[in-house]
Q: 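Okay, here's the structure, questions in a sec.
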Amino acid sequence: MGSDSASEVFGDGRPIVFRNGIVLPMNGSGVIEGGDVLVVGDRIADVGVDLAVPDGAVEIDASGGIVMPGMVDTHRHMWQTALRGYGADWTLTQYFVFFYLTWGKIFRPEDIHAGNVLSMIEALDAGVTTSLDWSHGLQTIEHGEAAADALRSMPARAVLAYGNLLGAPWEWSNGADFRNFVSRLSTSDMFGLQMAFDVTADPAFPEKGAFEAARELGLRVTTHAGVWGATNDDSIRLMWEHGFMTPQVTYVHAATLTEDSYQRIAATGGTASVSTESEQSAGQGYPPTWALRKHGIPVSLSMDTSVWWSADLFAAMRATLSADRSREHLEAHARGETVVHNLLRAEEVVQWATMGGARALGLDSVIGSLTPGKQADIVLIKNDESPAMSPIVHPYGSLVYQAGRGDVHTVLVNGKVVKHAHKLIGMDLAAAKAAVANTVDYARSTMGEDAWHESMHPELPTADRVPNPYTYTTYDGGEGRHTARAADAGPSASPQV
Ligand SMILES: [Zn+2]
(Lines give C-alpha, C1' and ligand atoms only; values in the text may rest on other atoms or scores of the structure.)
Protein backbone atom coordinates (compact mmCIF):
# COMPACT_ATOMS: atom_id res chain seq x y z
CA MET A 1 0.00 0.00 0.00
CA GLY A 2 1.54 3.33 -1.07
CA SER A 3 1.26 6.51 0.93
CA ASP A 4 -1.49 8.01 -1.23
CA SER A 5 -3.74 5.01 -0.92
CA ALA A 6 -2.66 4.70 2.71
CA SER A 7 -4.03 8.12 3.58
CA GLU A 8 -7.32 7.17 1.93
CA VAL A 9 -7.60 3.80 3.64
CA PHE A 10 -6.63 5.12 7.08
CA GLY A 11 -8.36 8.44 6.72
CA ASP A 12 -11.88 7.40 7.59
CA GLY A 13 -11.30 6.37 11.20
CA ARG A 14 -11.62 2.62 10.58
CA PRO A 15 -10.24 0.35 13.33
CA ILE A 16 -6.66 -0.79 12.72
CA VAL A 17 -5.12 -4.11 13.67
CA PHE A 18 -1.42 -4.99 13.61
CA ARG A 19 -1.26 -8.71 12.83
CA ASN A 20 1.29 -11.36 13.70
CA GLY A 21 4.16 -9.25 14.98
CA ILE A 22 6.55 -9.55 17.89
CA VAL A 23 4.65 -7.35 20.34
CA LEU A 24 6.52 -5.59 23.15
CA PRO A 25 3.83 -4.11 25.40
CA MET A 26 6.42 -2.64 27.87
CA ASN A 27 3.98 -3.03 30.76
CA GLY A 28 5.44 -6.09 32.44
CA SER A 29 3.43 -8.61 30.44
CA GLY A 30 6.44 -9.85 28.44
CA VAL A 31 7.01 -10.50 24.75
CA ILE A 32 4.04 -11.71 22.68
CA GLU A 33 5.21 -13.71 19.66
CA GLY A 34 2.78 -13.69 16.74
CA GLY A 35 0.83 -10.96 18.51
CA ASP A 36 -1.85 -8.51 17.43
CA VAL A 37 -2.64 -4.98 18.57
CA LEU A 38 -6.09 -3.56 17.89
CA VAL A 39 -6.73 0.18 17.71
CA VAL A 40 -10.24 1.60 17.80
CA GLY A 41 -10.56 5.35 17.56
CA ASP A 42 -7.69 7.00 19.42
CA ARG A 43 -7.17 4.12 21.84
CA ILE A 44 -5.58 0.71 22.12
CA ALA A 45 -8.57 -1.65 22.32
CA ASP A 46 -6.86 -5.02 22.71
CA VAL A 47 -3.48 -6.76 22.69
CA GLY A 48 -3.08 -10.52 22.24
CA VAL A 49 -3.01 -13.39 19.78
CA ASP A 50 -5.57 -14.01 17.00
CA LEU A 51 -7.71 -11.10 18.12
CA ALA A 52 -11.29 -10.86 16.91
CA VAL A 53 -11.66 -7.44 15.34
CA PRO A 54 -14.61 -5.25 14.28
CA ASP A 55 -15.89 -5.46 10.71
CA GLY A 56 -14.02 -3.16 8.37
CA ALA A 57 -10.82 -3.07 10.42
CA VAL A 58 -7.71 -2.28 8.36
CA GLU A 59 -5.03 -4.92 8.75
CA ILE A 60 -1.32 -4.07 8.91
CA ASP A 61 0.92 -7.08 8.40
CA ALA A 62 3.46 -6.94 11.23
CA SER A 63 5.04 -10.32 10.47
CA GLY A 64 8.82 -10.17 10.66
CA GLY A 65 8.59 -6.97 12.67
CA ILE A 66 8.37 -5.57 16.19
CA VAL A 67 5.30 -3.68 17.47
CA MET A 68 6.21 -1.33 20.30
CA PRO A 69 4.95 1.83 22.00
CA GLY A 70 5.89 5.13 20.38
CA MET A 71 9.17 6.43 21.74
CA VAL A 72 9.41 9.54 23.92
CA ASP A 73 12.19 12.15 23.78
CA THR A 74 12.17 14.20 27.00
CA HIS A 75 14.62 16.96 26.06
CA ARG A 76 15.25 18.41 22.65
CA HIS A 77 16.00 21.97 21.60
CA MET A 78 13.89 21.69 18.49
CA TRP A 79 14.44 25.24 17.25
CA GLN A 80 18.11 24.41 16.76
CA THR A 81 17.20 21.86 14.11
CA ALA A 82 17.23 24.84 11.73
CA LEU A 83 21.05 24.62 11.94
CA ARG A 84 21.21 20.84 11.83
CA GLY A 85 24.73 19.50 12.14
CA TYR A 86 26.35 22.95 12.32
CA GLY A 87 27.96 22.28 15.72
CA ALA A 88 29.24 18.76 15.05
CA ASP A 89 32.75 19.73 16.20
CA TRP A 90 31.75 21.96 19.11
CA THR A 91 32.45 21.64 22.79
CA LEU A 92 29.80 22.79 25.26
CA THR A 93 31.70 26.06 25.72
CA GLN A 94 31.51 26.77 22.00
CA TYR A 95 27.79 26.00 22.04
CA PHE A 96 27.29 28.45 24.91
CA VAL A 97 29.29 31.15 23.14
CA PHE A 98 27.33 30.66 19.91
CA PHE A 99 23.76 30.59 21.26
CA TYR A 100 23.97 32.38 24.61
CA LEU A 101 26.53 35.10 23.97
CA THR A 102 26.74 35.71 20.25
CA TRP A 103 24.13 34.48 17.80
CA GLY A 104 21.10 33.17 19.72
CA LYS A 105 19.54 36.63 19.55
CA ILE A 106 19.31 36.66 15.75
CA PHE A 107 16.71 33.87 15.60
CA ARG A 108 13.29 35.23 14.61
CA PRO A 109 9.90 33.68 15.41
CA GLU A 110 9.78 32.21 11.90
CA ASP A 111 13.16 30.54 12.49
CA ILE A 112 11.88 28.95 15.70
CA HIS A 113 8.82 27.76 13.77
CA ALA A 114 10.91 26.33 10.93
CA GLY A 115 13.23 24.40 13.24
CA ASN A 116 10.35 23.00 15.27
CA VAL A 117 8.39 21.77 12.25
CA LEU A 118 11.33 19.96 10.66
CA SER A 119 12.30 18.55 14.05
CA MET A 120 8.81 17.17 14.63
CA ILE A 121 8.67 15.54 11.21
CA GLU A 122 12.08 14.01 11.84
CA ALA A 123 10.91 12.68 15.20
CA LEU A 124 7.77 11.06 13.79
CA ASP A 125 9.72 9.53 10.94
CA ALA A 126 12.05 7.94 13.51
CA GLY A 127 9.21 6.53 15.64
CA VAL A 128 9.39 9.23 18.32
CA THR A 129 5.71 10.01 18.88
CA THR A 130 6.13 12.35 21.86
CA SER A 131 8.77 15.07 22.14
CA LEU A 132 9.48 17.63 24.81
CA ASP A 133 10.64 20.77 23.05
CA TRP A 134 13.15 22.35 25.46
CA SER A 135 12.55 25.70 23.86
CA HIS A 136 15.00 28.23 25.25
CA GLY A 137 15.10 30.51 22.23
CA LEU A 138 11.86 32.29 23.19
CA GLN A 139 13.17 35.83 23.57
CA THR A 140 9.73 37.37 22.94
CA ILE A 141 6.19 36.09 23.29
CA GLU A 142 5.98 36.06 19.47
CA HIS A 143 8.76 33.48 19.52
CA GLY A 144 6.72 31.50 22.06
CA GLU A 145 3.62 31.66 19.87
CA ALA A 146 5.66 30.46 16.88
CA ALA A 147 7.05 27.51 18.83
CA ALA A 148 3.59 26.51 20.06
CA ASP A 149 1.99 26.93 16.62
CA ALA A 150 4.64 24.73 15.04
CA LEU A 151 4.19 21.94 17.58
CA ARG A 152 0.39 22.03 17.35
CA SER A 153 0.47 21.99 13.55
CA MET A 154 2.03 18.52 13.54
CA PRO A 155 0.27 15.17 14.08
CA ALA A 156 2.48 14.41 17.08
CA ARG A 157 2.28 14.55 20.84
CA ALA A 158 4.32 17.45 22.15
CA VAL A 159 5.24 19.32 25.29
CA LEU A 160 6.43 22.90 24.97
CA ALA A 161 8.98 23.53 27.73
CA TYR A 162 9.03 27.31 27.64
CA GLY A 163 12.39 29.02 28.17
CA ASN A 164 14.46 32.02 27.22
CA LEU A 165 18.24 31.80 27.26
CA LEU A 166 18.51 35.57 26.79
CA GLY A 167 16.37 36.44 29.83
CA ALA A 168 16.26 35.81 33.58
CA PRO A 169 13.72 33.06 34.36
CA TRP A 170 12.46 34.82 37.49
CA GLU A 171 11.66 37.82 35.30
CA TRP A 172 10.09 36.33 32.18
CA SER A 173 8.06 33.78 34.14
CA ASN A 174 6.43 36.57 36.14
CA GLY A 175 5.93 38.96 33.22
CA ALA A 176 2.48 39.84 31.87
CA ASP A 177 3.37 38.53 28.39
CA PHE A 178 4.13 35.03 29.63
CA ARG A 179 1.16 34.94 31.98
CA ASN A 180 -1.18 35.98 29.17
CA PHE A 181 0.39 33.39 26.87
CA VAL A 182 -0.25 30.66 29.46
CA SER A 183 -3.85 31.73 30.01
CA ARG A 184 -4.55 31.77 26.26
CA LEU A 185 -3.01 28.37 25.66
CA SER A 186 -5.27 25.35 25.78
CA THR A 187 -3.32 22.28 26.80
CA SER A 188 -4.25 18.61 26.55
CA ASP A 189 -2.67 15.17 26.46
CA MET A 190 -1.59 16.03 22.89
CA PHE A 191 -0.02 19.36 23.75
CA GLY A 192 1.42 20.16 27.16
CA LEU A 193 3.33 23.04 28.73
CA GLN A 194 6.28 23.07 31.13
CA MET A 195 8.85 25.65 32.22
CA ALA A 196 12.49 25.23 31.19
CA PHE A 197 15.27 26.99 33.06
CA ASP A 198 18.57 26.26 34.79
CA VAL A 199 19.76 26.90 38.34
CA THR A 200 23.16 28.56 38.37
CA ALA A 201 24.08 28.03 42.04
CA ASP A 202 24.02 31.75 42.82
CA PRO A 203 23.76 31.64 46.66
CA ALA A 204 20.98 34.27 46.51
CA PHE A 205 18.91 31.68 44.59
CA PRO A 206 17.19 34.14 42.22
CA GLU A 207 15.51 31.17 40.49
CA LYS A 208 13.16 31.00 43.50
CA GLY A 209 10.75 33.36 41.69
CA ALA A 210 10.65 31.08 38.65
CA PHE A 211 9.94 27.97 40.74
CA GLU A 212 7.17 29.88 42.52
CA ALA A 213 5.69 30.87 39.16
CA ALA A 214 5.76 27.22 38.01
CA ARG A 215 4.05 26.14 41.21
CA GLU A 216 1.41 28.85 40.90
CA LEU A 217 0.72 27.94 37.25
CA GLY A 218 0.76 24.20 37.91
CA LEU A 219 3.61 23.61 35.47
CA ARG A 220 6.30 20.97 35.63
CA VAL A 221 9.92 22.15 35.50
CA THR A 222 12.77 20.77 33.39
CA THR A 223 16.28 21.90 34.26
CA HIS A 224 19.82 21.13 33.05
CA ALA A 225 21.43 19.72 36.20
CA GLY A 226 24.91 18.37 36.86
CA VAL A 227 26.46 20.04 33.83
CA TRP A 228 30.22 20.45 34.28
CA GLY A 229 31.08 24.14 34.52
CA ALA A 230 27.44 25.32 34.48
CA THR A 231 25.18 23.73 37.10
CA ASN A 232 26.28 21.65 40.09
CA ASP A 233 25.55 20.20 43.52
CA ASP A 234 24.91 23.66 44.93
CA SER A 235 22.10 24.09 42.39
CA ILE A 236 20.51 20.91 43.72
CA ARG A 237 21.08 21.91 47.35
CA LEU A 238 19.44 25.31 46.82
CA MET A 239 16.40 23.66 45.21
CA TRP A 240 16.23 21.25 48.15
CA GLU A 241 16.58 23.92 50.83
CA HIS A 242 13.81 26.00 49.28
CA GLY A 243 11.47 23.05 48.83
CA PHE A 244 11.41 22.93 45.03
CA MET A 245 12.63 19.37 44.52
CA THR A 246 9.41 17.49 43.71
CA PRO A 247 8.20 14.68 41.42
CA GLN A 248 7.32 17.47 38.95
CA VAL A 249 10.99 18.17 38.17
CA THR A 250 13.08 16.52 35.45
CA TYR A 251 16.86 16.74 35.82
CA VAL A 252 18.43 16.85 32.36
CA HIS A 253 21.90 15.22 32.05
CA ALA A 254 22.28 14.83 35.86
CA ALA A 255 25.87 13.91 35.09
CA THR A 256 28.44 15.71 37.24
CA LEU A 257 26.76 15.27 40.61
CA THR A 258 27.74 13.71 43.93
CA GLU A 259 26.07 10.85 45.74
CA ASP A 260 24.34 13.40 47.98
CA SER A 261 22.59 15.08 45.04
CA TYR A 262 21.45 11.76 43.61
CA GLN A 263 20.00 10.87 47.00
CA ARG A 264 18.09 14.15 47.14
CA ILE A 265 16.69 13.56 43.62
CA ALA A 266 15.72 9.98 44.48
CA ALA A 267 14.10 10.99 47.78
CA THR A 268 11.94 13.67 46.17
CA GLY A 269 10.70 11.57 43.25
CA GLY A 270 12.33 13.51 40.41
CA THR A 271 13.13 11.98 37.04
CA ALA A 272 16.23 12.16 34.85
CA SER A 273 16.59 12.85 31.15
CA VAL A 274 19.84 11.31 29.90
CA SER A 275 21.28 12.44 26.55
CA THR A 276 24.16 10.02 26.24
CA GLU A 277 25.48 11.13 22.85
CA SER A 278 25.42 14.71 24.12
CA GLU A 279 27.15 13.97 27.43
CA GLN A 280 29.81 11.90 25.69
CA SER A 281 30.59 14.55 23.12
CA ALA A 282 29.83 17.96 24.64
CA GLY A 283 31.28 17.46 28.11
CA GLN A 284 28.48 17.73 30.69
CA GLY A 285 29.94 14.67 32.42
CA TYR A 286 29.90 10.88 32.05
CA PRO A 287 26.45 9.61 30.95
CA PRO A 288 24.99 8.90 34.40
CA THR A 289 22.68 5.89 34.03
CA TRP A 290 25.22 3.67 35.84
CA ALA A 291 24.80 5.96 38.88
CA LEU A 292 21.09 6.74 38.51
CA ARG A 293 20.24 3.02 38.49
CA LYS A 294 21.92 2.55 41.86
CA HIS A 295 19.66 5.20 43.38
CA GLY A 296 16.45 4.08 41.75
CA ILE A 297 16.05 7.40 39.92
CA PRO A 298 13.64 6.93 36.98
CA VAL A 299 15.45 7.39 33.67
CA SER A 300 14.18 8.78 30.38
CA LEU A 301 16.17 9.33 27.19
CA SER A 302 16.72 12.35 24.99
CA MET A 303 18.82 13.57 22.09
CA ASP A 304 19.32 17.21 23.21
CA THR A 305 19.83 19.06 19.91
CA SER A 306 20.18 18.43 16.21
CA VAL A 307 22.79 21.17 16.01
CA TRP A 308 25.03 18.21 16.97
CA TRP A 309 22.90 15.03 16.98
CA SER A 310 19.51 13.78 15.76
CA ALA A 311 16.03 12.69 16.78
CA ASP A 312 17.04 9.06 16.62
CA LEU A 313 16.27 7.24 19.87
CA PHE A 314 17.78 4.06 18.46
CA ALA A 315 21.08 5.93 18.64
CA ALA A 316 20.20 7.05 22.17
CA MET A 317 19.43 3.52 23.31
CA ARG A 318 22.58 2.12 21.75
CA ALA A 319 24.86 4.82 23.14
CA THR A 320 23.26 4.60 26.58
CA LEU A 321 23.60 0.84 26.93
CA SER A 322 27.20 0.96 25.71
CA ALA A 323 28.20 3.89 27.94
CA ASP A 324 26.63 2.26 30.99
CA ARG A 325 28.46 -1.02 30.38
CA SER A 326 31.68 0.79 29.54
CA ARG A 327 31.61 2.50 32.92
CA GLU A 328 30.80 -0.74 34.75
CA HIS A 329 33.82 -2.40 33.13
CA LEU A 330 36.16 0.49 33.92
CA GLU A 331 35.00 0.68 37.54
CA ALA A 332 35.52 -3.07 37.90
CA HIS A 333 38.98 -2.94 36.30
CA ALA A 334 39.96 -0.19 38.74
CA ARG A 335 39.15 -2.67 41.54
CA GLY A 336 41.08 -5.42 39.75
CA GLU A 337 37.84 -7.23 38.97
CA THR A 338 36.09 -8.49 35.84
CA VAL A 339 32.42 -7.93 35.06
CA VAL A 340 30.98 -11.37 34.43
CA HIS A 341 27.29 -10.42 34.27
CA ASN A 342 25.90 -7.20 32.81
CA LEU A 343 23.55 -5.43 35.20
CA LEU A 344 21.88 -3.30 32.53
CA ARG A 345 19.94 -5.16 29.86
CA ALA A 346 18.63 -4.08 26.47
CA GLU A 347 15.05 -4.45 27.72
CA GLU A 348 15.54 -1.81 30.42
CA VAL A 349 16.90 0.68 27.89
CA VAL A 350 13.84 0.14 25.67
CA GLN A 351 11.77 0.75 28.81
CA TRP A 352 13.56 4.08 29.32
CA ALA A 353 12.83 5.09 25.71
CA THR A 354 9.09 4.41 26.15
CA MET A 355 7.57 4.23 29.66
CA GLY A 356 10.51 6.10 31.17
CA GLY A 357 9.80 9.04 28.90
CA ALA A 358 6.07 8.90 29.56
CA ARG A 359 6.70 8.97 33.30
CA ALA A 360 9.11 11.90 33.09
CA LEU A 361 6.41 13.91 31.30
CA GLY A 362 3.65 12.90 33.71
CA LEU A 363 1.94 10.98 30.87
CA ASP A 364 2.46 7.44 32.16
CA SER A 365 -1.28 6.82 32.49
CA VAL A 366 -1.81 8.01 28.89
CA ILE A 367 1.04 6.59 26.76
CA GLY A 368 4.32 4.65 27.03
CA SER A 369 3.01 1.08 26.84
CA LEU A 370 0.71 -1.05 24.67
CA THR A 371 -1.98 -1.38 27.31
CA PRO A 372 -5.69 -1.50 26.44
CA GLY A 373 -7.31 1.81 27.27
CA LYS A 374 -4.18 3.89 26.63
CA GLN A 375 -3.92 6.33 23.74
CA ALA A 376 -2.69 4.55 20.59
CA ASP A 377 0.90 5.75 20.04
CA ILE A 378 2.36 2.71 18.28
CA VAL A 379 5.43 1.98 16.16
CA LEU A 380 6.04 -0.98 13.86
CA ILE A 381 9.73 -1.71 13.27
CA LYS A 382 9.90 -3.80 10.13
CA ASN A 383 12.15 -3.76 7.12
CA ASP A 384 11.97 -6.75 4.80
CA GLU A 385 14.74 -5.24 2.64
CA SER A 386 17.24 -5.08 5.51
CA PRO A 387 19.65 -7.94 6.25
CA ALA A 388 19.99 -6.55 9.79
CA MET A 389 16.35 -7.13 10.71
CA SER A 390 16.51 -10.90 10.39
CA PRO A 391 16.47 -13.04 12.41
CA ILE A 392 14.84 -11.32 15.36
CA VAL A 393 15.48 -13.72 18.21
CA HIS A 394 16.05 -11.17 21.01
CA PRO A 395 13.69 -8.33 20.13
CA TYR A 396 15.03 -5.87 22.71
CA GLY A 397 18.54 -6.57 21.44
CA SER A 398 17.39 -6.04 17.87
CA LEU A 399 15.90 -2.66 18.79
CA VAL A 400 18.97 -1.44 20.65
CA TYR A 401 21.83 -2.84 18.60
CA GLN A 402 20.41 -3.68 15.15
CA ALA A 403 17.57 -1.33 14.22
CA GLY A 404 17.73 2.24 12.97
CA ARG A 405 15.26 4.86 11.91
CA GLY A 406 15.21 3.44 8.38
CA ASP A 407 13.49 0.40 9.87
CA VAL A 408 10.50 2.39 11.14
CA HIS A 409 7.67 1.05 8.97
CA THR A 410 4.48 2.40 10.53
CA VAL A 411 3.78 5.06 13.15
CA LEU A 412 0.46 5.84 14.86
CA VAL A 413 -0.11 8.84 17.10
CA ASN A 414 -3.33 9.00 19.06
CA GLY A 415 -4.78 6.34 16.74
CA LYS A 416 -3.88 8.24 13.58
CA VAL A 417 -1.49 6.76 11.01
CA VAL A 418 1.27 9.29 10.31
CA LYS A 419 3.69 6.91 8.58
CA HIS A 420 3.02 3.70 6.72
CA ALA A 421 5.22 1.45 4.57
CA HIS A 422 8.16 3.79 5.32
CA LYS A 423 6.30 6.83 3.92
CA LEU A 424 5.16 9.84 5.92
CA ILE A 425 1.48 10.73 5.66
CA GLY A 426 -0.05 14.19 5.94
CA MET A 427 3.16 16.17 6.44
CA ASP A 428 4.68 18.62 4.00
CA LEU A 429 8.38 17.79 4.21
CA ALA A 430 9.23 19.91 1.17
CA ALA A 431 7.74 23.01 2.77
CA ALA A 432 9.53 22.27 6.05
CA LYS A 433 12.86 21.93 4.26
CA ALA A 434 12.29 25.16 2.34
CA ALA A 435 11.53 27.07 5.55
CA VAL A 436 14.71 25.79 7.17
CA ALA A 437 16.75 26.65 4.06
CA ASN A 438 15.42 30.17 4.43
CA THR A 439 16.63 30.29 8.04
CA VAL A 440 20.07 29.00 7.04
CA ASP A 441 20.36 31.73 4.37
CA TYR A 442 19.24 34.36 6.85
CA ALA A 443 21.62 33.22 9.63
CA ARG A 444 24.57 32.98 7.26
CA SER A 445 24.03 36.40 5.73
CA THR A 446 23.40 37.99 9.15
CA MET A 447 26.51 36.47 10.68
CA GLY A 448 28.69 37.11 7.64
CA GLU A 449 30.85 34.51 5.88
CA ASP A 450 33.83 34.76 8.26
CA ALA A 451 31.80 34.24 11.43
CA TRP A 452 29.69 31.54 9.78
CA HIS A 453 32.79 29.48 8.95
CA GLU A 454 34.76 30.26 12.11
CA SER A 455 31.87 29.29 14.39
CA MET A 456 31.30 26.05 12.50
CA HIS A 457 35.00 25.10 12.48
CA PRO A 458 36.50 26.03 15.85
CA GLU A 459 40.24 26.23 16.30
CA LEU A 460 41.94 22.83 16.31
CA PRO A 461 44.47 22.67 19.16
CA THR A 462 47.80 20.98 18.50
CA ALA A 463 48.16 17.51 19.95
CA ASP A 464 51.64 16.17 20.62
CA ARG A 465 52.41 12.62 19.60
CA VAL A 466 53.84 10.45 22.37
CA PRO A 467 57.51 9.57 21.66
CA ASN A 468 57.79 5.88 20.78
CA PRO A 469 60.98 3.93 21.65
CA TYR A 470 60.00 0.85 19.65
CA THR A 471 60.78 -0.13 16.06
CA TYR A 472 58.42 -2.08 13.91
CA THR A 473 58.43 -3.93 10.63
CA THR A 474 56.34 -3.50 7.52
CA TYR A 475 55.56 -6.33 5.20
CA ASP A 476 56.28 -5.79 1.55
CA GLY A 477 53.83 -8.11 -0.13
CA GLY A 478 55.37 -7.65 -3.59
CA GLU A 479 58.90 -8.75 -2.72
CA GLY A 480 58.00 -11.10 0.10
CA ARG A 481 60.32 -9.66 2.73
CA HIS A 482 60.09 -7.58 5.90
CA THR A 483 61.83 -4.25 6.23
CA ALA A 484 62.46 -2.43 9.46
CA ARG A 485 61.60 1.21 10.06
CA ALA A 486 62.46 3.42 12.97
CA ALA A 487 59.53 4.87 14.86
CA ASP A 488 59.29 8.66 15.20
CA ALA A 489 61.89 10.01 17.62
CA GLY A 490 62.84 6.47 18.57
CA PRO A 491 66.31 5.07 19.27
CA SER A 492 68.45 3.67 16.45
CA ALA A 493 66.67 0.95 14.54
CA SER A 494 68.05 -2.50 13.92
CA PRO A 495 66.64 -4.79 11.23
CA GLN A 496 64.27 -7.45 12.50
CA VAL A 497 64.93 -9.98 9.73
ZN1 LIG B 1 19.84 20.62 26.57
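Just so you know, these numbers come straight off a predicted model, no measurement behind them. Remember, it's 1-based here, ligands and their atoms both numbered in the order they're listed.
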Q: Need the atom name: nearest N/O/S atom of D304 to the Zn ion (ligand 1).
A: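 Nearest N/O/S atom of D304: OD1.
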
Q: Counting backbone and side-chain atoms alike, is an N, O or S atom of H253 positioned under 2.8 Å from the Zn ion (ligand 1)?
A: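 It does not: H253 brings no N, O or S atom closer than 2.8 Å to the Zn ion (ligand 1).
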
Q: Is any NZ, NE, NH1 or NH2 atom of the basic residue among E348 and R293 found under 4.0 Å from an Asp or Glu carboxylate oxygen of the other?
A: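 Salt bridge: no.
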
Q: Decide yes or no on side-chain contact (heavy atoms from CB on, under 4.5 Å) for Q284 and S275, but give the supporting numbers first.
A: CA-CA 10 Å; Q284 295 90 343; S275 314; over 6 Å; no

Q: With a distance cut-off below 6.0 Å to the six-membered ring centre and an angular limit of 45° from the axis, does R345 pair with Y396 as a cation-pi contact?
A: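 Geometry flag: not set, cation outside 6.0 Å or 45°.
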
Q: Taking the six-membered ring for Trp, are F211 and F197 parallel (under 30°), tilted (30 to 60°) or perpendicular (over 60°)?
A: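 Perpendicular, since the angle between the ring planes exceeds 60°.
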
Q: Would you name the N/O/S atom of H75 that lies closest to the Zn ion (ligand 1)?
A: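 The Zn ion (ligand 1) is closest to the H75 atom NE2, counting only N, O or S.
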
